[in-house]
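Comments concern the structure below.
Sequence lines set the chain letters: A, B, ... in the order given, protein chains first and strands last, and positions in each chain run from 1. Just so we're clear, the structure is a prediction, and the values are computed from it rather than from any experiment.
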2 protein chains.
Amino acid sequence: MTASKRDELVEKALEIFYRGGFHATGMDKLVAETKISKTSMYKHFRSKEDLIVATLKLRDEQFRTQFFQRVSELADSPEGQLLAAFDALDEWFHDDNFKSCMFIKASSEYQDINHPIHVVAADHKRHLAGFFSGLAAKAGLRNPEDIGRQLLMLVEGAIVIAHLHGIDNAASDAKKTAEILIKAAS
Amino acid sequence: MTASKRDELVEKALEIFYRGGFHATGMDKLVAETKISKTSMYKHFRSKEDLIVATLKLRDEQFRTQFFQRVSELADSPEGQLLAAFDALDEWFHDDNFKSCMFIKASSEYQDINHPIHVVAADHKRHLAGFFSGLAAKAGLRNPEDIGRQLLMLVEGAIVIAHLHGIDNAASDAKKTAEILIKAAS
DNA sequence: GACAATATGTACCGATCTGTACATCTTGGG
DNA sequence: CCCAAGATGTACAGATCGGTACATATTGTC
C-alpha cells in the first residue's frame, strides 16, 4: 500500500470515527464508507485500535495547525491571541459538523490512562496547555504555566457545554472568564 | 420483579457502566456481574438504552444529593459554598473509583442531542448550573445566571483535565479561577 | 401443602464484531 | 505485452451483541 492510500484511509476514518464514535463504528462500516478494503486496512494497521491512534494523531496535527493559524489571523499580540482563541473556538462550535472534541470522546471510551488511545488524547491536551502558557509568557502574565492550564480548562469546559446543550454561548462565556483571568494576571 | 430488585439492578448497572463504558459493556457482562438474570432485566426495561437512562437518572439524583450536602458541610455562606464546590470536586477526583463524569461520557457515546441518554445528561448539567447561579444570587453577585454557567464550565473543564491526566491540580486550578471570577462579580 | 407471583437458566435468533485467508483484479513500469 | 506490486472481494472464523422464548426454580402468602 502506498503512503497516499494509508493517508486516505486515516483521513476518511478520522471523519467517520469523529462523527459516529469509536466503539459504535465497526470495521465493516469503515469499509462501506471509505471504499477501502478490509485487507488494505489490515496491511497498514495491526488492529482497529492502531487505526484509531493514527486518526487521533492526524487530528492533533490538523487541529493545532488550523487552530494556531486561525488565532494568528484573529489577533496580533500575545494577549489578543489568548482571547482570540475563544473566538476561534466559537467558530468551531458553529461548524455544522461540530461534534465535541475527538480527544475528550476518545478518552471517555478508552478510560485506562495507560491505554495508547488515552495517551495520545492526553498528549494533545498537553500541547494545547503549552500553547496557552507560551502565549501567556509572551504576554508577560504572572504564572504563565498556571494561566495556561486554567485557560485550557476553560476551553475544555466550553467544549463539553457546547456539546451537551448544542450551540449556545459557551465560547463567549469562556472568553469572559478568560478576560477576567488575564486581567488578574497582568 | 419487585421495586427493590429493579433498584438493585439499576444501582449495580450504574457502577458497571460508569467503570466500563456503555457500548463497551454488553448485557451478558451485566448479567455476570450483577447476578441478575437477563430475563429479569427485560422484565423492567424494554432495552439496554432504557436501562442506561435509568442509571443516569439515579446517578443525577445521587450525585446532586451528595455534592450539595458535601458543599453545605464545607462552608456556610453562599460565597463560601461556591468555592467549597471545588473542594468537593477535588475530593471526588481523589476517590479511587473516579472515572470522569458519567454524563460527559454518556453524551460522548450518544451524541445526538435528541437522544434520550443525551437529554438526561444535558438536564443534569442544567441542574448543576442552576445550583451555581442560585448560590451566586444568594451571594449577591452580579449576573448570577452568567456566573452559574461560567462556574459550571470550570467544573466541566476540571473534570476533563483530571480524567485525561490523572490526579493533578485540576480542581485547585479551577478554584483559583473561580475565586477571581467571583471577586470580579462582587 | 398449594398456588400465584417472581425470578432464573438455558438455548437460541439474527446481526455485528475484529481479524484472517486466499483467490482475483488493477495498476504502473519496463 | 509481461510482470511485480499493490489493492480488492469474498468467505470465513470465533466471539460477542441485544433481545426473545420457554421450561424450571424460588419465594411468599394463605
For nucleotides 14-18 of chain C, tabulate all protein N/O to nucleotide N/O atom pairs closer than 3.5 Å, reporting atom names and distance.
residue, atom, partner, partner atom, Å
C/dT18, OP1, A/Lys48, NZ, 2.5
C/dT18, OP2, A/Met27, N, 2.5

Under the ring-ring contact (aromatic ring centres under 6.0 Å, His included) definition, can you give me all pairs with a residue in residues 152-177 of chain A, not counting sequence neighbours?
A/His163-B/His118

Rounded distance in Å - [atom1] ([X]) to [atom2] ([N]):
| X | N | atom1 | atom2 | result |
| --- | --- | --- | --- | --- |
| B/His44 | D/dG19 | NE2 | P | 17 Å |
| B/Lys43 | D/dG19 | NZ | C1' | 14 Å |
| A/Met41 | D/dT10 | CE | C1' | 15 Å |

Could you tabulate the donor-acceptor pairs under 3.5 Å formed by side-chain atoms of residues 133-143 of chain B, not counting sequence neighbours?
residue, atom, partner, partner atom, Å
B/Ser133, OG, B/Ala129, O, 3.1
B/Ser133, OG, B/Gly130, O, 3.3
B/Arg142, NH1, B/Ser186, O, 3.1
B/Arg142, NH2, B/Ala184, O, 2.9

Would you say D/dT8 has OP1 or OP2 under 4.0 Å from some side-chain N or O of A/Lys5?
yes

OP1, OP2 of D/dT8 versus side-chain N and O of A/Ser40: anything below 4.0 Å?
yes

Set of residues satisfying side chain to side chain donor-acceptor pair (under 3.5 Å) with respect to B/Lys38, sequence neighbours excluded
B/Asp28

Could you go through B/Arg19 and B/Glu15, starting from their C-alpha distance and side-chain angles, then the distance that decides it, and tell me whether this counts as salt bridge (Lys or Arg N to Asp or Glu O under 4.0 Å)?
CA-CA 6 Å; B/Arg19 187 191 333 127; B/Glu15 295 307 317; 5.9 Å; no

Show every salt bridge (Lys or Arg N to Asp or Glu O under 4.0 Å) that has at least one partner inside residues 172-182 of chain B, sequence neighbours left out.
A/Arg149-B/Asp173, B/Asp87-B/Lys175

Please, which pairs that meet salt bridge (Lys or Arg N to Asp or Glu O under 4.0 Å) have at least one residue in residues 92-113 of chain A, sequence neighbours excluded?
none

Assert: residue with more 5' nearest nucleotide on DNA chain C, out of B/Thr39 and A/Glu49, is B/Thr39

